[in-house]
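Structure first, then comments.
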Amino acid sequence: MSEIDKPNDEARGKDFIREIIDADLQSGRVSEVVTRFPPEPNGYLHIGHAKSICLNFAIAQEYSGRCHLRFDDTNPAKEEQEFIAAIQDDVRWLGFDWGQHLYHASDYFEQLYDWAEHLIKEGKAYVDDLSADEIRAHRGTLTEPGKDSPHRNRGADESLDLLRRMRQGEFEEGARVLRAKIDMTSGNINLRDPVLYRILKAEHPRTGNAWCIYPTYDFAHGQSDAIEGITHSLCTLEFADHRPLYDWFIESLPVPATPHQYEFSRLNLTHTVLSKRRLIQLVAEGHISGWDDPRMPTIAGLRRRGYPAAAIRDFAGRVGITKSDNVIEMALLEHCVREELNQSAPRRMGVLKPLKIVIENYPEDQEEMLEAVNNPGDETAGTRQVPFARELYIEQDDFMEDPPKKFFRMAPGREVRLRYAYFVTCREAVKNDAGEVVELICTYDPETRGGNAPDGRKVKATMHWVSARHAIDAELRLYNHLFTDEEPDIGDDIAAALNPDSLEILQGCKLEPSLASAKADQTLQLERQGYFCPDRDTSPERLIFNRAVPLRDSWAKLKAKTA
RNA sequence: UGGGGCGUAGCCAAGUGGUAAGGCAUCGGGUUUUGAUCCCGUGAUCGCAGGUUCGAACCCUGCCGCCCCAGCCA
């Protein structure tokens, strides 16, 4: 984790998990702190996972402990190597290092199996021949107790024999399962003889065909924690009901440690979805270009869009760790992105929707280089040279033929400043047959080179520009919320909930020449517009930039209010 | 109607009996060669109702509301 990230402490009260850890350390329940991030490799990581990753790794760092990365790979029917690799990439990109502590639940299959036999021998588990439907029927409902399976009381020897034959592959998928023998009448449905092992004749990404029975999450998770010496097993609220089961296994088995599980509420974000099911659906149905589409709330998507890892870490630290349901506004994430980028992003000039202007009193064959600072807030960022010439492009939005009172930018007869260049005055707006302004005839004041008038006169606007002759063409992709509503109510038709304007592609944008060599891992600011970074698909022949987030725009707000 | 969790400003969130931190958003104002940044200022009696107490968001009781659980998913 980066040293610049401040730990969650003093100013803000500690969250309840850190308070528990403090107490555990003080009482001597634990002498070190070991956490883990346990993704299932069945999809890409998203911003909600980032909250958990940051929590687990930050805690490990704050308490001088360690955090393991462990793949919860107990269901080969859904898991893939592609995801295992992508997840490691994402965690690393976020800035975390698990050192030597990379594990897989599948590393423990043999041990878990031994413990399954142990439970049978203790009379705490049995092989059930009921079908999935029958088991469901016996489970009861939320308000009615379940009924015992007819096989619940068969002998340990018989169950043992059956389990071994399950492992040998003698039975078909679904024919039998191993179940814990707990309490079919429990109010907690997780305790109504949960399934421990099921037959799955699928090839596992890591163990290949070595197994045809696989442990369930419940039977694998806590024991894996115990094997690794995890002291605080942090998970989301929906697992709270599983804790009694988690503890039951730890107490019933000769495990080497007694980890404890604590639950916190998961992250929800406005204008998007964070359920794995919905994200998979977006990818599978092709509503977006893939897991790393810049509109996706996935780590890969945010990264491609140009969000810095530091901004995501900052965000994770700001949302808070509690047990209450929450929906964080996307504006907070965007604020974190702007705050980080405002400090780190080099400034450049680029025109999204070009309007040509001709400086009629600037010699046709003349051109010059002007000095521009790279970051007004950071002297060490230095300066660069920007070419200026007779024909330039400015932003269409920066000119109005008949401006309202509060519009300070270019208008007929008005003088404004071209940033780092000169004061220019618009003399005439040239129109096409349709009556649209296609070009502006201007004059400049040679005395104002650099942007200041010797006579001290002021202008109300400073605009960005780019030399027509020197500009490079680029495609800019502007992104907006993926879903129209803050909290999308998605029924059968996910397409109907999508924001039709989530992607706007601008062709023929004009950028200052230095941008030809922009690097993908460096998000920069196009002054007065927003933060952009080269897309993965960019090439020297076809420059493509993604807009991470626009700059705040109080003019747009004013305009919208008066409209 | 079973079990678990939650309810402090628009959104998060501190607060753990002594009279409501902070952030984001919003709206005002100042500075400014990015209408950006930066800087000021702006809002709540704590789900409701009783009770205990000199005093309660914090303790007790009763309501109300929201979320999760009936995968051989995690």
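Just so it is clear: chains get the letters A, B, ... in the order the sequence lines come, proteins before strands, and each one is counted from 1.
- The cationic group of Arg176(A) lies under 6.0 Å from the six-membered ring centre of Phe171(A) and within 45° of the ring axis, placing it in a cation-pi geometry.
- Nucleotides C11(B) and C66(B) place their P atoms 16 Å apart, quoted to the nearest Å.
- Look at A13(B): it lacks any Watson-Crick or wobble partner with both distances under 3.5 angstrom.
- Contact of the Asn75(A) side chain with the Glu40(A) side chain is registered, since non-hydrogen atoms from C-beta on lie closer than 4.5 Å.
- Using a 4.0 Å heavy-atom distance criterion, Thr74(A) is classed as a sugar-phosphate-only contact.
- Residue Asp241(A) has its side chain nearest to G3(B) when only G3(B), U34(B), G10(B) are considered.
- Using a cutoff of 4.0 Å between basic side-chain nitrogens and carboxylate oxygens, Lys181(A) and Asp193(A) are not scored as salt-bridged.
- Relative to the side chain of Ile189(A), the nucleotides U1(B), C27(B), C69(B) differ in distance, and C69(B) lies closest.
- With both pairing distances under 3.5 Å, G65(B) is matched to C6(B) as a Watson-Crick or G-U wobble pair.
- Separation of the C1' atoms belonging to C68(B) and U42(B) is 39 Å when rounded to the nearest angstrom.
- The side-chain tip of Arg419(A) does not point at the ring of Trp465(A) from less than 6.0 angstrom away and within 45° of straight on.
- Nucleic acid contact for Glu329(A): base, since at least one base atom lies under 4.0 Å from a heavy atom of the residue.
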